Engineer: 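Submitted below is the structure of interest, expressed as C-alpha cells.
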There are 2 protein chains.
Amino acid sequence: MDSEPAPGSTPYDTARAHGRAARRTAALDTASELLERHGPGALTMRRIATELGCSTTVLYTIFGGKSGIAEQLWLEGFDRLDRAVRSVHEPDPLARLTGMGQAYRANALSNRAYYAVMFQRAIPGFEPSAQAYAASLRPLHALAGAVEECIGAGVFAPADPMHIARVLWAASHGAVSLEIVGYEGAIDAEERYECLMRAAAAWFMAGGGG
Amino acid sequence: MDSEPAPGSTPYDTARAHGRAARRTAALDTASELLERHGPGALTMRRIATELGCSTTVLYTIFGGKSGIAEQLWLEGFDRLDRAVRSVHEPDPLARLTGMGQAYRANALSNRAYYAVMFQRAIPGFEPSAQAYAASLRPLHALAGAVEECIGAGVFAPADPMHIARVLWAASHGAVSLEIVGYEGAIDAEERYECLMRAAAAWFMAGGGG
DNA sequence: GCTTTGCTGTAACGCTGTTCTATAACAGTA
DNA sequence: TACTGTTATAGAACAGCGTTACAGCAAAGC
C-alpha cells in the first residue's frame with residue numbers, strides 16, 4: 001500500500017515501514033482466510049490475533065479497530081470483483097457485456113463470504129468510508145465502459161452508459177443476492193440469472209423500447 | 001397465535017394461556033418498536049426486557065432466545081410486504097403487476113429496518129427456520145398470481161408464472177437493495193427502479209423476446 | 001551509563017447472549 | 001391453616017465480544 005518512503009526518512013524508517021507493511025499484509029491474509037474458511041462470524045479480533053500469533057493490540061495499532069480490518073476486506077472484495085469483470089476480453093461488445101455479467105455471478109458465488117461483507121453488512125458495526133465507497137465503484141465503471149461500446153457499435157440505443165450500467169448492476173445484484181441467501185432455492189438460479197440479464201439488456205437494444 | 005385452549009384444559013389454563021399470549025404480543029411490540037426506532041443494533045435482550053419492564057428470563061421462556069424474537073420479526077416483515085403487495089387492486093393485470101412492484105419498493109423504503117432483517121441478515125446469529133421461510137414466499141405467490149392473469153389476458157406470452165415472478169422479484173430486490181444500502185446514490189433510484197421493472201416486464205410480453 | 005521513544009502483551013471495562021439459582025406466587029390437599 | 005408441587009420470575013454469573021489503560025521491553029540518541 002504505502003510502501004514508498006516519505007521524503008527525508010532514514011533507512012531505518014523505511015526498514016520499519018517495510019516491517020509494518022509486512023505485518024499488515026500478513027494480518028490481512030489471516031483475516032481473509034478466516035473470513036473465507038469460517039465465515040464472517042469467525043472474524044473476531046482475538047481470533048485473528050491468535051491465528052496471526054500476536055496480541056490484539058497489534059491489530060489496533062495497524063488498523064485502528066475492527067472497522068479498519070473490515071474496510072480492507074470490503075475493498076479486497078470489490079477488487080476481486082473488479083478483476084473478474086475486467087478479465088473478460090470478448091471482442092464483440094455485447095458478448096463482452098454478457099460475459100461480464102456471468103463473471104459477476106461467478107465471482108460472487110466463489111467469494112460468498114466477501115459478498116456478504118460487501119452487500120449484506122455481515123460485519124455488524126462496519127460502514128465503509130467515503131473513499132472506500134468510491135473505490136468500490138470501479139466494477140461499475142468497467143460495466144459502463146462495455147455499455148458505451150455497445151452504444152458505439154449500434155447494438156444499444158444511445159443513452160447514458162452509467163445509467164444503463166447501474167440498471168444492469170441492480171438486476172445482476174438482485175438475482176445473485178437472492179441466490180446466495182439461499183432464497184427460492186438454487187435449482188434454477190443460473191437460468192433465472194441469464195433470463196434476467198437478457199431481459200434487461202434487451203430493453204436497451206437499438207430498435208427496442210428504450 | 002395459539003389462543004385456542006387445548007381440549008381438557010381448565011379455565012385457569014386458558015386464562016394463563018391468554019396471559020402468555022398477551023405477554024408475547026407485548027414483547028413483540030416492544031421489539032418491533034425498538035427495531036424501527038433505533039435499528040437492528042438496538043435489539044438486545046436486556047434492552048427489550050428493560051423496555052418491556054421485566055427480566056430477560058421472561059423473553060427466554062417465551063421465545064427460547066434471541067433467534068425466536070428475530071424469527072417473529074422476520075415473519076412480521078414479510079407479512080407487511082405481503083399485505084402491501086396484495087393491497088393493489090388495479091383491474092388491469094399489467095397495471096396491477098406494476099403497482100405491486102411500486103408497492104414492493106414503497107414498503108421496503110418505509111420499513112428499512114425490517115428489510116435489513118429480512119434480506120441483510122441484520123441480526124447476526126439468526127437463520128430463519130424452514131417453515132418461516134415457507135411463509136415468506138407468500139408475496140412471491142401474490143406476484144405470480146398477477147403474472148398468471150397477465151398471461152391469461154394475453155399481455156404476457158405463455159410461460160411458468162412462478163418463473164416470471166421470481167425473475168421480477170430478483171430485479172425488484174436488486175434495485176431496492178442497492179438503494180437501501182445507499183449504493184450509487186439515491187438520486188435517480190426511483191427512475192432506475194421503474195426502468196428495470198419496465199425492462200423485465202417487457203421481456204415477457206406477448207410478441208416480445210420470451 | 002541513562003533517557004526517551006515505539007511497540008507489545010496483559011489485564012481490565014462494558015457490553016453481548018445465555019444459563020444457573022434462589023425465590024415468590026399460586027392451585028390442590030390434608 | 002399448613003404443606004406440597006408446579007410455574008414463573010429476578011438477579012447473579014459465565015463466556016465471549018470490541019476496546020482501552022497500563023506496564024514492560026527493545027532499540028535509538030546522548
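The model shown is predicted, which means the values in this text are computed figures rather than measured ones. Just so we're on the same page: letters track the sequence lines, and every chain starts at 1. Values reported hereafter were calculated over all heavy atoms of this structure, with side chains retained and with hydrogens, waters and symmetry mates removed.
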Engineer: D:dC14 P sits how many Å from B:Met45 CE, rounded?
Structural biologist: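 Taking atom P of D:dC14 as the reference, CE of B:Met45 is at 20 Å.
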Engineer: Could you check how far CZ of A:Phe126 sits from C1' of D:dC17, rounded to whole Å?
Structural biologist: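 Between C1' of D:dC17 and CZ of A:Phe126: 19 Å.
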Engineer: Quick one: A:Arg47 CZ to D:dT19 P, roughly how many Å, whole number?
Structural biologist: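 From A:Arg47 CZ to D:dT19 P: 18 Å.
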Engineer: NA contact type, A:Gly65, heavy-atom cut-off 4.0 Å: base, sugar-phosphate, or nothing?
Structural biologist: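 Sugar-phosphate, no base atom in range.
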Engineer: Write down the distance between CD1 (A:Ile69) and P (D:dG18), rounded to a whole number of angstrom.
Structural biologist: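 From A:Ile69 CD1 to D:dG18 P: 9 Å.
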Engineer: Once hydrogens and angles are ignored, does a donor-acceptor distance under 3.5 Å link the base of C:dG17 to the side chain of B:Arg46?
Structural biologist: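 Flag set: donor-acceptor pair detected.
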Engineer: Can a salt bridge be assigned to the pair A:Glu36 and A:Arg112 using a cut-off of 4.0 Å between side-chain N and carboxylate O?
Structural biologist: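 No, this pair does not count.
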Engineer: Checking the side chain of B:Ser110 only, and the main-chain atoms of B:Ala106 only, is there a donor and an acceptor separated by less than 3.5 Å?
Structural biologist: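 The answer is yes, because a donor-acceptor pair under 3.5 Å joins these two groups.
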Engineer: I need the CG-P distance between A:Leu43 and D:dG18, as an integer number of Å.
Structural biologist: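 One finds 9 Å between P of D:dG18 and CG of A:Leu43, rounded.
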Engineer: Check this for me, if you would: do B:Arg192 and B:Glu179 make a salt bridge, where the nitrogen-to-carboxylate-oxygen distance has to be below 4.0 angstrom?
Structural biologist: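 No.
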Engineer: From the list C:dT8, C:dG9, D:dA10, which nucleotide is the closest neighbour of the side chain of A:Arg23?
Structural biologist: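 So the nucleotide nearest the side chain must be C:dT8.
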Engineer: Rounded to whole angstroms, how far apart are CZ on A:Arg24 and P on C:dC7?
Structural biologist: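 Rounded to the whole Å, the gap is 14 Å.
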Engineer: With a 3.5 Å cut-off and no angle check, do the side chains of A:Trp169 and A:Tyr104 form a donor-acceptor pair?
Structural biologist: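 There is such a pair (donor and acceptor under 3.5 Å, judged by atom type) between the side chains of A:Trp169 and A:Tyr104.
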Engineer: Do the ring planes of A:Phe156 and A:Phe204 sit parallel (below 30°), tilted (30 to 60°) or perpendicular (above 60°)?
Structural biologist: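 Rings of A:Phe156 and A:Phe204: tilted, 30 to 60°.
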Engineer: Output yes when at least one side-chain N/O atom of B:Arg20 is less than 4.0 Å from OP1 or OP2 of D:dT7, else no.
Structural biologist: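 No, outside the criterion.
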Engineer: Rounded off to whole Å, could you give me the CD1-to-P distance for the B:Ile62 and D:dA10 pair?
Structural biologist: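 Atom-to-atom, B:Ile62 to D:dA10, this comes out as 11 Å.
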Engineer: On DNA chain D, nearest-nucleotide positions of A:Thr44 versus A:Thr57: which is more 5'?
Structural biologist: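 Final value for this comparison: A:Thr44.
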Engineer: Can you identify which nucleotide, out of C:dG17, C:dT10, C:dC20, has its nearest atom closest to the A:Ser55 side chain?
Structural biologist: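 Given the options C:dG17, C:dT10, C:dC20, the side chain of A:Ser55 is closest to C:dT10.
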Engineer: Just how far, in rounded Å, is P of C:dG9 from CD1 of A:Ile48?
Structural biologist: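 To the nearest whole Å, that distance equals 15 Å.
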Engineer: Counting heavy atoms from C-beta on, name the nucleotide in D:dA10, C:dC7, C:dT18 closest to the side chain of B:Thr56.
Structural biologist: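 Nucleotide nearest to B:Thr56's side chain: C:dT18.
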